[in-house]
Amino acid sequence: MSDKVLVCVAWPYADGPLHLGHITGAMLPPDILARYMRLLGKDVVMVSGSDTHGTPITVRAELEGVKPIEIVERYHNNMLDSLVGLGLAYDLYTHTNTENHKAVTQDMFLTLLDKGYIFLDSMTQFYCDHCQRYLADRFVEGTCPHCDYDNARGDQCDHCGRPLDALELKLPRCRFCGATPHPQETEHYFLDLTKFSEPLHEWLKDKPHWRSNVLNFARGLLESGLRPRAITRDIDWGVPVPVEGFEHKVIYVWFDAVIGYLSATIEWAQLQGKEERWRDFWQSEDCQSYYFMGKDNIWFHTIIWPAMLLGYGDLNLPYDVPANENLNLEGRTFSKSRNWAIFVPDLLERYDPDPVRYVLTATMPEAQDSDFTWRDFVRRNNDELVATYGNLVHRVLTFAYRRFDGQVPQPGRLEAADHQLLDAMTRAFVDVGREIGACHFRAGLSAAMAAAAEVNRYLDVAAPWKTIKSNPQAAATSIYVALRAIDSLKTLFLPFLPKSSQALHEMLGYKGTIIGRQWIEEISEDGVKHRVVRYDGSKNVGEWAPSHLPVGQKLRDPKPLFVKLEDEVIEQEVARLKGGGGH
RNA sequence: UGCGGGGUGGAGCAGCGGCAGCUCGUUGGGCUCAUAACCCAAAGGUCCUAGGUUCGAAUCCUAGCCCCGCUACCA
């Protein structure tokens, strides 16, 4: 395995707050992986940011009568708080409207242009004279040429389901003003994907560690044949096309957003004061890069971005693209527009981050769509997290604290059962680690829970609450072994539940951090300020290894790691959803 | 239309050629250190349907039914 790991997280679009779909689909899995890799001692960088360009932002800005930058800043800042609140430890979370990103994007564009992978061509698009803009297919409405439905969108007819080209629509009208747009020729730059068909095919040949849904999808795309794809747009919000005469056009958001992985690593290196450090993660053969996203983005990360990297040259291609399927909410697709969503800022007002992380990991849509329900949230919190792990920690710590003078007791000679438990903990590091390393996060969490159940069984047999009366030495040994076991659980659960692991670390009497430090920082770029999330794990004292809890260490007054939720929560939250709560 | 994923005890999932397994729930028992938590045991399954391959199929093949997503100008 490589010493360096680059963890890339899909860039959420800054047109609304983060919701659970973003978190479980794209943002939580990489955090689990990155935290695990850091514990292993790997050199890890995890980057992402807000995608701040594109038509929907400009449309929203117009509706509200504000400038695009205001929309972007509102939601970008909102996201920063959510990320820190959830404990998602990005080494850098930035955004796409920075000078650095603009420079890197334009360099990528010009290099691909020089090398002949980008060409100029003209195309016909609807233009609305009233709105004075070209209309993307989805912003044109009209009558479906197939079924005569009179409210079809230009990209697809909602009635017959057929994909459309807006130019085919009968009686086209502008979705914003209702005026009749007219076809007009415009010039755009195209990424010539046909040139990458063969190399991409070669690259995808040997990917046995990839998820089959991702690999099949990517191979299917290749087999159906790649076409050149327009990568510029006729709007004024985005990275300008760096070609004379084309400054009024911008680079298409997805061409621009994927470059963010590279530009953010460069920005991170600059912030570290080691400008060339980004090369360790992009040009060293000793680095593996992971890309996390929902399945709707597989296309951009297995075809377009690798093509761009191949075209640019001397940059590493993705090592793995463990895309997730979709998370539904109470049986229905998340929908921001229909207000059917659970937004993170709202959620964090009422719940701690770790129960949320626990439930989202346990129901993570790794191989198929899954469903978030409030009933399930309460059930998993109470019957799994609190019952098996939280209660275990509490029963061991309170017993030790009260009966052994608030410190780790001196054990007697360890018996077979004691060794068996400690060996099981050692094996758990192998099991949980193997699953996380393979991006099987549900299985990893489940293996950690199995380890916690093992400790509960041990206690039941050892019964220190009995032996303390008849044979205090035996009780001391059992509690010592159990304390070491939960000290190991602290590490096993850390990638999933960082804040409670830190809390347990402290209750066990340790000092220092095992989860690093996260903060929001305002950065000045040639006098222009922007806000980012940063992370510093350099002072971490944790490692992916079983406990070496010292005998005699002073414990701190134990508090429950997690709280039980009342059943009423289910009704209240469902009512909040239906009432359009959240936002 | 094409493509991808899925249909397994009450719920959610794993297994993908060799006695059908996990978590939760249910029932019975144990324990009483612990957040009525913990531990043990039991009940509960035509593995979507119909054909086929095989000594043997939930697992492979064929046909069909149903659910979800994508289909390249939302990201």
Side-chain angles (χ1 to χ4, degrees), chain A residues 10-15 51 53-57 59 123 125-126 134-140 146 153-156 160-163 165-166 188 193 211-221 223-231 233-234 252-254 257 293-300 303-304 325-326 328 333 362-363 365-371 373 375-376 379-380 382-384 386-388 390-400 402-403 440 442-443 446 449-450 453 455-466 468 475 478-479 482 558-564:
Chain A
W11 294 52
Y13 204 57
D15 67 345
D51 183 353
H53 293 142
T55 311
I57 300 270
V59 169
M123 62 192 292
Q125 265 193 299
F126 274 124
Y134 284 92
L135 301 172
D137 281 359
R138 68 190 323 250
F139 294 128
V140 185
H146 303 289
R153 285 201 323 268
D155 54 345
Q156 181 172 29
C160 67
R162 273 180 247 239
D165 183 325
H188 280 300
L193 289 169
R211 290 182 181 170
S212 59
N213 52 348
V214 177
L215 195 55
N216 288 338
F217 186 84
R219 283 180 176 156
L221 286 169
E223 271 165 40
S224 64
L226 299 180
R227 310 197 289 271
R229 182 176 171 122
I231 54 160
R233 293 290 183 276
D234 288 298
Y252 172 51
V253 274
W254 255 109
M293 74 218 68
K295 66 173 156 186
D296 48 344
N297 278 333
I298 295 174
W299 159 244
F300 294 99
I303 304 291
I304 296 180
E325 301 287 311
N326 284 346
N328 292 323
T333 309
T363 56
E366 287 174 356
Q368 57 203 292
D369 293 353
S370 65
D371 197 24
T373 66
R375 176 167 297 284
D376 194 55
R379 203 213 87 220
R380 285 194 187 272
N382 291 356
D383 301 339
E384 296 181 7
V386 171
T388 304
N391 180 59
L392 166 70
V393 167
H394 195 233
R395 69 196 291 213
V396 172
L397 285 178
T398 49
F399 197 91
R402 288 174 197 159
R403 311 303 287 271
H440 299 158
R442 288 167 71 135
S446 162
M449 285 299 269
V455 187
N456 276 318
R457 272 193 289 278
Y458 166 85
L459 279 178
D460 198 65
V461 174
W465 50 91
K466 276 186 188 163
I468 194 150
S478 303
I479 287 301
K559 301 266 187 317
L561 285 180
F562 314 104
V563 294
K564 281 194 77 159

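Values in this document were obtained by computation on a predicted structure and should not be read as measured data. Order of the sequence lines sets the chain letters (A, B, ...), proteins ahead of strands, with each chain counted from 1.
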Could you work out, with salt bridge (charged side-chain N to carboxylate O under 4.0 Å, His left out) as the rule, every residue matching K466(A), not counting sequence neighbours?
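None.
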With a non-hydrogen cut-off below 4.0 angstrom, is [X] in contact with a base, only sugar-phosphate, or nothing?
X       : value
L226(A) : base
T363(A) : nothing
R233(A) : sugar-phosphate
V253(A) : sugar-phosphate

For the residue pair E366(A) and H440(A), what are the closest heavy atoms and their distance?
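The pair with the smallest heavy-atom distance is OE2-C, 3.7 Å.
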My understanding is that a pair needs two contacts under 3.5 Å, Watson-Crick or G-U wobble. By that rule, which nucleotide pairs with [N]?
N      : answer
G18(B) : C55(B)
C70(B) : G2(B)
A42(B) : U26(B)
U49(B) : A63(B)

Polar pair under 3.5 Å, donor/acceptor by atom type, side chain N391(A), base A37(B):
no
Is there aromatic stacking of W465(A) against C33(B), centre distance under 5.5 Å, plane angle under 30°?
yes
Taking C13(B) as the reference, what is the distance to G7(B) when you measure between their C1' atoms (whole Å, please)?
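Taking atom C1' in both G7(B) and C13(B), they lie 13 Å apart.
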Using atom P of each nucleotide, how far apart are A58(B) and G9(B) to the nearest Å?
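Pairwise P distance, A58(B) against G9(B), rounds to 14 Å.
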